[in-house]
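Only one structure is covered here, and it is reproduced in the block below.
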Amino acid sequence: MKGKRRISLWLVLVILCCGQGVVLGQSQKTSKPNYRNLFREAGYKQADIDAKLAKAYHDVFEGPNKVYFEVGDTMAYVSDVKNKDARTEGLSYGMMVAVQLGKKDVFDRIWRWSKKYLQHQSGPREAYFAWSINPQTMKKNSEGSASDGELYYITSLLFAANKWGNNTGINYYGEARRILDAMWKKDGTGNIYNLINTDAKQISFVPEGNNYKWTDPSYHLPAFYDAWVLYAKDGHEAFYKECADTSRVFLHRACHPVTGLNADYTEFSGKPHDTRWSISAFRYDSWRVPMNISMDYTWSGKDKAWQEDYAKRFQNFLRSKGMDSYEDQFNLDGSRPETILQAGPVKKLRHSIGLVSTAATLSLINKEKNSLDFVHALWNAKLEPFDDGYFDPYYDGLLYVFSLMHLSGKYQMITPQAK
């Protein structure tokens with residue numbers, strides 16, 4: 001049960017604790033992934049690019065403002081330090097960063113901690129994860145799951161199996177399959193369902209109760225489903241392919257035809273879904289959508305025409321608001337929302353590095369020459385506190401690392417290594 005990063009945690013827990021199908025689009029022919037180093041193309045030296053990514057990783061995982069904390073000799077967790085919890089969102093993100101960058105010890109530590117403290121070992125939620133825990137008291141803030149956490153756990157585990165094999169202490173493939181196989185057994189018993197709404201063929205906001213019947217556009221990662229088709233080998237390949245195609249068509253509907261903006265939460269139709277904690281608008285969850293679309297464009301290349309148009313619309317809209325000043329929350333038509341979703345203790349619109357980062361990844365898609373302005377803006381951005389002291393090394397920091405990986409060609413669909 002997932003309340004997102006910038007709203008009061010207790011409010012989300014109070015709220016959340018108390019399907020229609022989509023016509024599949026015609027996918028374009030798949031192209032072979034081309035993991036461009038756009039920083040290099042933009043004129044930066046390779047040594048400087050490597051140093052930029054290394055510093056970002058250090059700042060988020062090792063530096064004085066890190067969000068990664070080791071526990072004993074074999075475990076570690078990633079914390080949303082501002083909200084004083086550890087979330088499956090950040091834990092699974094940490095695993096994805098680690099497998100992409102070849103940091104096996106980090107990956108293994110986070111997985112062991114997640115499995116020990118958050119994964120349900122029995123009952124209706126068996127193999128799913130509690131989405132939030134206080135790492136100081138080890139008290140779970142919720143027993144329920146957030147579907148995107150499982151999505152990242154499964155995909156990062158499959159990639160780890162491809163990269164490192166399954167005989168180095170953890171059977172990564174077996175762990176991924178355990179989650180997937182359990183997912184397919186969840187039929188509503190105990191009010192727990194498949195992570196994916198099987199009627200709509202779309203990922204649920206929460207695989208539980210009525211929250212199974214709507215979605216979050218930033219959870220839609222068709223490129224991950226394509227990886228499942230190739231590497232899960234669980235007999236549901238045709239379904240996962242349909243989910244990938246459905247997500248692509250869903251994003252056409254969810255993103256505004258002029259600005260490209262999407263709501264944080266929507267119905268399966270793409271229509272905005274208001275919650276009791278937030279009037280749905282383009283807010284923090286939504287920042288991830290451009291990065292996810294850039295990933296799909298690079299990895300799978302099945303919806304290039306729409307994605308190229310989307311990238312132009314989205315970047316042109318932000319440019320119209322000022323390259324150095326565009327804010328981080330909008331109504332879908334681009335106007336300023338009447339209600340601002342609070343960031344921790346602060347209710348304020350900002351020019352946030354998280355959105356600066358993900359917007360820059362669209363330059364992998366947008367072929368217009370001035371699109372490189374967004375790449376340069378990210379290159380010059382600093383992961384540091386604002387003048388008023390506000391700082392989020394967790395969400396801003398992880399999106400910053402992911403985006404640097406994308407733009408340097410270091411975020412890839414990991415294929416099985418040659419024996």
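Side chains included, hydrogens not; waters and symmetry mates left out as well; all remaining heavy atoms used. For this chain, numbers begin at 1 and follow the sequence in order.
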Looking only at side-chain N and O atoms, does [Y] offer a donor or acceptor that is under 3.5 Å from a partner on [X]?
X: S294; Y: T361; answer: yes
X: N197; Y: S204; answer: no
X: N211; Y: W214; answer: yes
X: D285; Y: Y265; answer: no
X: Y225; Y: E242; answer: no
X: S280; Y: D274; answer: no

Tell me whether [X] is salt-bridged to [Y], with the criterion being a basic N under 4.0 Å from an acidic carboxylate O.
X: R350; Y: D388; result: yes
X: E327; Y: K321; result: no
X: D226; Y: R248; result: yes
X: D80; Y: R87; result: yes
X: E368; Y: R319; result: no

> What do you reckon, are the aromatic ring centroids of F129 and Y153 less than 6.0 Å apart?
Replying inline: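 Close enough - the centres of the two rings lie under 6.0 Å apart.
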> Looking at F317 versus F330, is the centre-to-centre ring distance below 6.0 Å?
Replying inline: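 That pair passes the under 6.0 Å test.
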>> Counting neighbours of CD on E62 that are heavy atoms of other residues, nucleotides or ligands and sit closer than 6.0 Å, is the number greater than 12?
In response: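 Enclosed.
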> Is the number of heavy atoms from other residues, nucleotides or ligands under 6.0 Å of N210 CG greater than 12?
Replying inline: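 No, CG of N210 has 12 or fewer neighbouring heavy atoms, counting only those of other groups under 6.0 Å.
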Quick one: [atom1] on [X] to [atom2] on [Y], what's the gap to the nearest 0.5 Å?
X: S92; Y: W111; atom1: OG; atom2: CH2; value: 10.0 Å
X: L158; Y: E175; atom1: CG; atom2: CD; value: 11.5 Å
X: K348; Y: Y390; atom1: NZ; atom2: OH; value: 11.0 Å

Taking the six-membered ring of [Y], is the NZ or CZ of [X] close enough (under 6.0 Å from the centre) and on axis enough (within 45°)?
X: K163; Y: F107; result: no
X: K186; Y: Y128; result: yes
X: K410; Y: Y35; result: no

>> Using the ring pair (Phe, Tyr, Trp, His ring centres under 6.0 Å) definition, which of the options Y395, Y400, Y411, Y152 pairs with Y93?
In response: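 Exactly one candidate clears the test, Y152.
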> Taking the inter-plane angle between the rings of Y193 and Y212 on a 0 to 90° scale, is it parallel (under 30°), tilted (30 to 60°) or perpendicular (over 60°)?
Replying inline: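 Ring orientation of Y193 relative to Y212: parallel.
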> Should the ring pair W306 and H252 be called parallel, tilted or perpendicular, given that the plane angle runs from 0 to 90° and is split at 30 and 60?
Replying inline: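 Rings of W306 and H252: parallel, as their planes differ by under 30°.
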>> R178 vs E126, test: salt bridge (charged side-chain N to carboxylate O under 4.0 Å, His left out). Steps then yes/no.
In response: CA-CA 10 Å; R178 183 188 174 199; E126 189 267 327; 2.6 Å; yes
> Can you name the side-chain hydrogen bond (donor to acceptor under 3.5 Å, both in side chains) partners of T266, sequence neighbours left out?
Replying inline: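 Testing T266 for side-chain hydrogen bond (donor to acceptor under 3.5 Å, both in side chains), a comparison that skips the adjacent residues, returns none.
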> Got F374 and N366 here, is their nearest side-chain heavy-atom distance under 4.5 Å?
Replying inline: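 Contact flag for F374/N366 side chains = no.
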